[in-house]
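See structure below.
In what follows, every chain begins at residue 1, and chains take the letters A, B, ... in the order their sequences are listed. Just the heavy atoms: all of them, side chains too, but no hydrogens, waters or symmetry mates, feed the values below.
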Amino acid sequence: MPDSYRPDEVEARWQARWAERGTNQPDLDHPARPFYNLMMFPYPSAEGLHVGNMFAFTGSDVYGRFKRLQGYDVFEPIGYDAFGIHSENYAIKVGLHPADLIPRNIANFRRQLERIGGMFDWRHALSTTDPDYYKWTQWIFVQLLKAGKAYKKKAGVNWCPTCKTVLANEQVEGGLCERCKTPVEQRFLEQWFFRITEYADRLLRNLDTLDWSDTTRTAQRNWLGRSEGGELVFEVPAIGESITVFTTRPDTVFGATFMVLAPEHPLVAKLTAPEQRAEVEAYVTAAAGRDLVSRKVGEREKTGVFIGAHAVNPATGRPVPVWIADYVLMEYGTGAIMAVPGHDERDFEFATKFGLDIVRVLAGEGESAGASLEHAVVEADGFRMVNSGRFDGMPAEEAKRAITEWLAGQGRGRPVVQFRLHDWCISRQRYWGPPIPVIYCDACGAVPVPEQDLPVLLPAIEDFRPDDSGLSPLARHEEWYFAPCPTCGKRGRRETDVSDTFLDSAWYYLRYPSTEFHDRPFDPARTRTWCPVTAYIGGNEHAVLHLLYSRFLAMVLHDLGHLDFEEPFTRFRAHGLIVKDGAKMSKSRGNVVIPDDYIAQWGADTFRMYLMFLGPLQEGGDFRDAGINGPRRFLDRVWVLVREAEDGGGEIRRDLVTRWHATKKKCAEDIEGLHYNTAIAAMMELVNHMREAGCRDRQMVADLIVMLAPFAPHFSEECWERLGHAGSVFEARWPAWDDALAVSDQVELPVQVNGKTRSRVHVPRNATEQAAVAAAQADPAVRRFTAGKEVRKVIYVANRLVNLVIG
RNA sequence: GCUCGGGUGGCGAAACUGGUAGACGCAAGGGACUUAAAAUCCCUUGGGGGGAAACCCCUGUGAGAGUUCGAGCCUCUCCCCGAGCACCA
């Protein structure tokens, strides 16, 4: 009977055994060494998991299995991020109800996730659409509302006319809806916000303490956008008002020759002179009609209108004209700027177009105060003050503080730190999400739904399509819409908006360990045992929003006494993106590769190894199936090796012992650093050498199987059993290595002459310089180059090289 | 424009703190086995040149300069690709 490796049989057998034996179910209450291995949960699309998802999940799963082999109790849960516009739009497109569609997709996802052999604890699977889950999403909203961290305000918001909903600023990409690419418009709606800006400083500071990829931390830092500067006050004596501006360049205040307000600035109406009113109002109306976004993108031609008022520059005492222009944004700083055309590109452009004064107040080395400006000079470093009264000659960097202090002394300024971050708008005028648990009462105002009445169930309605009203479809259902006020019992109206999907995913890691508790969102003991998450792996596309919102929520829950930590993810690594033909996989591009056929043909283990062997996990790459037979051939060879090891034997040469120990060490280090491709390569090398040496040592083969187990779990289980072990290979421990045996006692030393390698000599490890150089100089190939020449210098790096410098 | 990555054989990629560039794998070519093919096994494979051969020489990590005994790696200038941000004062 031919004994060949049949992945379909092996994989089916072990998946059944894992389920039967509860192999992947750690003791959640009394783990000896808990390790929470988290991967970002997927949105269950209709197409199923594509190879990009498989790459990410396998990458995380390999790490979890490795930690388990190191003796940790690894909890590796999975779930579905199934609420949201994604699902709803798709349901509308195919004419189905999301409540019907989503369970189907989830079933398909689960089938795929089981097939790939993830070490998931299925007892704790969750979906954000489950009332037992979103009950607690609503509970979190209530906690924030009670704590004053949630508030409602009417705000100019981004409105997507196709999705018919509000988008967070973060969900607008280059003026287009990130989902459907429609140009975004501006609308004024009442929206719920979370006060994430109150935490900006803490979100920034804590970044330094986290074991995260630098790229991710940098992205968050940039998103938070901290800048130091000052608020300066410009009086408008004619009407007894003042305009406060934020600037990062107080050093240039002497060059502020005009001011610009955002068209929405509250002082515009009051400051506008009668003769300018018609023109100003026309401009304001036009700006309001244009969305927030086309103001930020597209043509950058500056527009603006003089409003007929003058303010006083607090530094020079001179009057400066006040303009409005849409390049000044109400949402950042104070919505007003002092314009310094000499030292700001935008102001320079504006001044040039409208013929406003341009004054130089900074001069570089050797530049005169009167030198004309061809363009704005925006640097400060290395520049000194000119045309700035008593500050002339002072370095600009120093003047930033000096001028702020000087103006502060007159009550006309103060140092200020600004963040780019805005409060988090969580309202969505859509159907497929958790209803925001608030009831409006004419007498009592906005009242949170009492906790014992949660969840506010999302009603099953057929007409869930959004319309242009700006109201959620739920508002059309009176039987749901009207509800008694929890405080006074009179008829009230429910909040009809649902919450942002990012709120669902901002706390899911807290729910996993506690899914069986129905009376609390997360059990305190379980949470203490398992949280914060030990290792988190996910996509860079969530490096900013999802991670930032999760961190914010953890901080709030910590401050409210619900958590004893404030950073949810101790270690985070971003995996790379798998692209196809250079483009991200997406249905619209038609380049989505579904892994099912590959798995059917090659087996899950081969496919896993292939994905992990493509390149470093953190880099991703272009998917092409060429080369998948490489890992398969490797597994076939190991299969044979295991069979032959039953007969045992073969001499273990000393060089093989070295390689054996070196491989155990290298694989452990590489896997820890997520360099899976080189870990696999090291195992391949070991196998090549064993075959070459005719070695079939049982212990060596057994060690190899354990090292292979994170990558090819079913295969390794089968081999482990064939080697005579009763239990799961995951009950084994990562094979120990001996550092002394992991290095050979002889080393090959390259010998260079004038930096060019001319020969190699073999010397004992850690040979003395004298011995190594003697060996090098005795080498005939070296002598050809050194003969008759004087060796002027000798470089010797132990176990590395000898370099002879000759004259 | 700004901020991060990245550019190494035909291809995916290795290369520790500056120390033998191309490990490992794919593909390709040659050979063994076979009636034949697949599979498997063995050999060759950055480019150029020399030698009967073991081997040897030159050259080579996007381009150019620099530091160094020595640079894929460090410094400067430039080009290209990818991602994110984008009138943020």
Side-chain angles (χ1 to χ4, degrees), chain A residues 4 170 173-175 213-219 221-223 225 227 229 245-249 252 260 295-298 300-302 325-329 331-340 343-347 349-350 378 418-422 540-541 543-544 574 576-577 579 582-584 609-610 613-616 618-631 633-634 636-637 640 666 669 675 677-685 687-688 691 748-760 781 784 792-797 799-806:
Chain A
S4 62
E170 293 84 341
E173 291 177 348
S213 326
D214 283 339
T215 52
T216 310
R217 291 196 296 180
T218 304
R221 230 171 252 131
N222 293 343
W223 192 265
S227 43
V245 301
F246 171 73
T247 178
T248 56
R249 297 296 302 276
T252 63
V260 185
R295 273 174 66 172
K296 296 187 190 177
V297 268
R300 298 270 171 89
E301 180 70 16
K302 295 280 180 292
D326 63 5
Y327 80 93
V328 174
L329 310 171
E331 65 209 62
Y332 184 78
T334 62
I337 62 160
M338 64 175 202
V340 185
H343 303 284
D344 181 282
E345 280 168 17
R346 297 151 300 180
D347 299 343
E349 195 191 324
F350 194 85
V378 299
Q418 265 292 326
F419 285 88
R420 207 191 72 113
L421 182 75
H422 303 303
N540 241 330
E541 69 272 24
V544 175
L577 201 62
V579 299
K584 189 175 172 177
M609 289 205 68
Y610 171 64
F613 190 54
L614 273 177
Q618 296 181 78
E619 279 169 34
D622 207 342
F623 182 83
R624 47 176 67 90
D625 49 18
I628 190 166
N629 47 351
R633 267 178 213 156
F634 171 66
D636 281 333
R637 286 172 191 159
V640 171
K666 179 172 172 55
E669 289 170 356
H675 304 298
N677 52 333
T678 49
I680 293 171
M683 287 188 275
M684 287 174 165
E685 284 185 75
V687 169
N688 289 347
R691 284 158 49 87
E748 189 186 62
L749 217 53
V751 182
Q752 299 183 336
V753 180
N754 285 349
K756 290 195 176 193
T757 305
R758 297 302 183 181
S759 188
R760 294 156 190 88
R784 284 215 316 271
R792 292 192 317 185
K793 191 172 174 187
V794 172
I795 315 278
Y796 174 62
V797 182
N799 307 321
R800 285 285 175 210
L801 62 19
V802 175
N803 187 7
L804 305 173
V805 183
I806 60 173

Under 4.0 Å, heavy atoms only, any strand: does [X] hit a base, just the sugar-phosphate, or nothing?
X	result
A:P631	nothing
A:R217	nothing
A:L614	sugar-phosphate
A:R792	nothing
A:N803	base
A:N629	sugar-phosphate
A:D622	nothing
A:R624	sugar-phosphate

Between [X] (side chain) and [Y] (backbone), is there a donor-acceptor pair under 3.5 Å?
X	Y	answer
A:D344	A:D347	yes
A:T247	A:R249	yes
A:N754	A:I806	yes
A:N803	A:I795	no
A:R637	A:M684	no

Side-chain N or O of [X] versus OP1/OP2 of [N]: is the shortest distance under 4.0 Å?
X	N	value
A:R758	B:rC57	yes
A:K756	B:rU59	yes
A:N677	B:rA14	yes

Grab the [atom1]-[atom2] distance between [X] and [N] for me, whole Å please.
X	N	atom1	atom2	result
A:M609	B:rC24	CE	C1'	11 Å
A:L801	B:rG19	CG	P	9 Å
A:N688	B:rG25	CG	C1'	10 Å
A:F623	B:rA13	CZ	P	14 Å
A:R221	B:rG5	CZ	P	12 Å
A:M683	B:rA23	CE	P	19 Å
A:N540	B:rG84	CG	P	9 Å
A:I628	B:rC11	CD1	P	21 Å

Subject >> Same-atom distance (P) from B:rG50 to B:rU61, integer angstrom >> reply: 23 Å
Subject >> Between B:rU77 and B:rA83 - P atom distance, rounded Å >> reply: 25 Å
Should [N] form a Watson-Crick or G-U wobble pair with both distances under 3.5 Å, which nucleotide is its partner?
N	value
B:rC41	B:rG31
B:rG25	B:rC11
B:rU77	B:rA63
B:rG70	none

Original post:
On a plain distance test, is the side chain of A:R800 in donor-acceptor contact with the base of B:rC16 below 3.5 Å?
Top reply: yes
Subject >> Check: B:rU20 base within 3.5 Å donor-acceptor of A:E748 side chain >> reply: yes
Taking the side chain of [X] as its heavy atoms from C-beta onward, which of [options] lies nearest to it?
X	options	answer
A:T247	B:rC87, B:rC26, B:rA89	B:rA89
A:D326	B:rC87, B:rU20, B:rA14	B:rC87
A:F613	B:rC26, B:rC69, B:rG25	B:rG25
A:Q752	B:rC85, B:rG19, B:rC24	B:rG19

**OP:** Flag the pair A:D214 and A:R217 as a salt bridge only when some basic side-chain nitrogen lies within less than 4.0 angstrom of an acidic carboxylate oxygen.
**Re:** yes
Original post:
For A:E345, does the CD atom have more than 12 heavy-atom neighbours from other residues, nucleotides or ligands under 6.0 Å away?
Top reply: no
